[in-house]
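Below is one structure, written out as structure tokens; the observations come after it.
All ligand and atom numbering here is 1-based and tracks the order in the structure.
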Amino acid sequence: MASMSRTGMFRALKGIAVEMIQRVYKLPSFNNVLEGEIFLQNLPSIVTAHVVDPQEDEQILDMCAAPGGKTTAIAMLMKDKGVVVALDRSHNKVMDIKKLAAEMGLTCIQAYKLDALKSVRRTQDTIKSDAHSETLDTTGNVSIASKITNGDWVADDTENCKIEGFAPTGINSDNCENSIKGRYVSKADIRKDARRMRNGPGRSHSIGARVENSKGFMPNSFDRVLLDAPCSALGLRPRLFAAEETIESLQHDAKYQRKMFDQAVQLVCPGGVIVYSTCTINPGENEALVRYALDTYKFLSLAPQKPRVGGPGLVGHCELFDGKYMEKWLTKSEAELVQRFDPSSSVDSIGFFIAKFNVGQKDVKVRNDLNGNKLNMNFTLGNVMML
Ligand SMILES: C[S@@+](CC[C@H](N)C(=O)[O-])C[C@H]1O[C@@H](n2cnc3c(N)ncnc32)[C@H](O)[C@@H]1O
């Protein structure tokens with residue numbers, strides 16, 4: 001059926017309007033029903049939170065979190081114990097996350113406004129090593145992976161404090177507070193914010209909770225990182241397909257996701273987990289991202305997922321424009337480890353993709369630089385340290 005985009009429907013003066021006479025779902029609308037008690041989610045979104053498999057008292061990062069469906073599901077799986085840092089680049093969307101967390105009475109969620117492409121803090125060390133890190137990766141190839149984009153410079157005095165404003169177990173929170181160039185956010189602050197959110201503006205007509213900007217986080221800060229990436233959303237159903245996507249826009253989306261993934265790799269600690277998900281069926285944003293991840297970061301490996309509801313990923317590769325453009329996908333064994341939700345399958349879900357990575361030891365001896373010179377260096381992502 002020919003139709004128009006959602007924006008088009010509200011803004012255009014002419015076009016085709018569509019009236020839905022047959023419901024896609026038999027479920028009645030749950031909008032504003034049992035607010036704070038239930039939050040409707042697509043099946044693959046719920047599966048994603050379980051695949052992250054968060055444990056109580058862990059530090060979890062949700063890099064693109066609004067409106068907070070997966071963030072809150074993760075916090076609930078952790079029984080609200082530990083820390084879930086939820087980022088989004090939009091101020092209003094961070095408010096949405098805070099509102100949802102407050103409605104659900106979850107206090108372990110810290111939501112910040114931050115461009116996920118700048119989520120690794122820039123430190124003295126990383127500035128010094130920029131020249132090296134732009135040209136080296138774990139295989140000695142040119143890499144954008146370890147390049148850190150223009151975040152603010154901060155003193156590297158936060159070694160013991162994994163997350164801005166958060167003192168991990170066993171570390172004195174006062175020391176942490178003093179050593180961090182950011183605001184310390186105590187549990188009490190979070191509870192106060194949650195109350196403000198639930199009760200609305202008080203007598204003083206103050207607005208609800210504040211939205212904090214974050215300057216990013218130190219490398220190796222999180223036990224688990226979820227990157228539920230912004231994508232072409234080609235899996236969303238029902239959708240009035242407006243054919244706005246082009247090959248170029250899809251390629252652009254894929255590049256954007258790789259850059260975000262590079263940040264995730266730096267922020268997760270060795271031994272940790274990264275979960276990457278999208279709501280698109282475009283393999284360039286799914287299987288090709290996984291291929292990039294596995295080929296670029298030798299310390300990453302695909303992990304089995306629980307629960308398994310979707311099907312396997314795509315095997316092989318695709319070539320476009322007489323071989324001028326090639327996308328590499330997965331091997332058969334790799335494809336069995338990811339979940340691809342095909343909207344035409346019997347699962348009857350939106351199109352979705354989930355990959356889970358185990359993170360091994362990140363330190364790799366770099367033997368050669370680009371010119372083949374031997375480098376006596378111990379290379380850690382984002383840092384090059386002379387031995
Ligand atoms: C797929 S949605 C996330 C859905 C969310 N995880 C959930 O389950 O409720 C992608 C989100 O990424 C955010 N986003 C896009 N680019 C971003 C960036 N550079 N940094 C942070 N967030 C970004 C968008 O505002 C959007 O809210």
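- Among all non-hydrogen protein atoms, the one lying nearest atom 15 (C) of ligand 1 is Pro230 CG, 3.5 Å.
- Summary of contacts: the protein heavy atom closest to atom 12 (O) of ligand 1 is Cys64 CB, 3.3 Å.
- At least one N or O atom of Ala66, backbone or side chain, sits closer than 3.5 Å to an N or O atom of ligand 1.
- Within the structure, the closest approach of Thr278 to ligand 1 does not fall below 4.0 Å when heavy atoms are considered.
- Between Ala86 and Ala65 the shortest heavy-atom distance is CB-CB, 3.6 Å.
- Atom 22 (N) of ligand 1 has as its closest protein heavy atom Arg89 N, 3.3 Å.
- Close N/O approach between Gln41 and ligand 1 is not found [any backbone or side-chain N/O within under 3.5 Å].
- The protein heavy-atom contact nearest to atom 6 (N) of ligand 1 is Asp228 OD2, 2.7 Å.
- Contact annotation: the side chain of Asp223 approaches that of Cys269 to within less than 4.5 Å [non-hydrogen atoms, C-beta and beyond].
- Any N or O atom pair closer than 3.5 Å counts here, and Lys93 shares at least one such pair with ligand 1.
- Polar contact with ligand 1: present for Gly69 (N/O pair, distance under 3.5 Å).
- Smallest separation of non-hydrogen atoms from Ser232 and Asn282: OG-CB, 4.2 Å.
- Not a single heavy atom of Ser45 lies less than 4.0 angstrom from ligand 1.
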message: Is there a ring pair (Phe, Tyr, Trp, His ring centres under 6.0 Å) between Phe353 and Phe341? Walk through the geometry before answering.
response: CA-CA 6 Å; Phe353 181 85; Phe341 291 79; 9.4 Å; no
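- Residue contact check: Leu114 has heavy atoms under 4.0 Å from atoms 20 (N), 21 (C) of ligand 1.
- At least one heavy atom of Gly68 sits less than 4.0 Å from an atom of ligand 1.
- Here the rule is side chain to side chain contact (heavy atoms under 4.5 Å, CB included) with Val338, and of Asn286, Leu314, Leu330, Ile354 only Leu330 fits it.
- Residues Gln55 and Asp53 have side chains that bring a donor and an acceptor to within less than 3.5 angstrom of each other.
- Protein heavy atom nearest atom 25 (O) of ligand 1, with residue, atom name and distance: Asp88 OD1, 2.7 Å.
- With rounding to the nearest 0.5 angstrom, the CD atom of Glu212 is 12.5 Å from the CG atom of Leu114.
- Glu58 and Met78 make their closest contact through O-CE, 3.4 Å (heavy atoms, listed as atom of the first residue, atom of the second, distance).
- Taking every non-hydrogen atom of Asp115 and a distance limit under 4.0 Å, the qualifying atoms of ligand 1 come out as 18 (C), 19 (N), 20 (N).
- Taking the six-membered ring for Trp and thresholds of 30 and 60 degrees, Phe261 and Tyr297 have ring planes inclined between 30 and 60 degrees apart.
- With a 4.0 Å cut-off on non-hydrogen atoms, Cys279 does not touch ligand 1 at all.
- Comparing Lys70, Met260, Met63, Lys259 by heavy-atom distance to atom 18 (C) of ligand 1, the nearest is Met260.
- Distance from atom 16 (N) of ligand 1 to its nearest protein heavy atom, with residue and atom name: Tyr256 OH, 3.1 Å.
- Among the atoms of Leu117, none of the N or O lies under 3.5 angstrom from an N or O of ligand 1.
- At least one N or O atom of Ala116 sits closer than 3.5 Å to an N or O atom of ligand 1.
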- request: Give the C-alpha distance, both sets of side-chain angles, the deciding distance and a yes or no for side-chain hydrogen bond (donor to acceptor under 3.5 Å, both in side chains) between Gln59 and Ser221.
  value: CA-CA 8 Å; Gln59 296 179 49; Ser221 286; over 6 Å; no
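- Phe299 has its ring centre no less than 6.0 Å from the ring centre of Phe357.
- Note on Arg291 versus Glu287: no salt bridge recorded, every NZ/NE/NH1/NH2 to OD/OE distance being 4.0 Å or above.
- Contacts between Thr71 and ligand 1 below 4.0 angstrom, taking non-hydrogen atoms only, are absent altogether.
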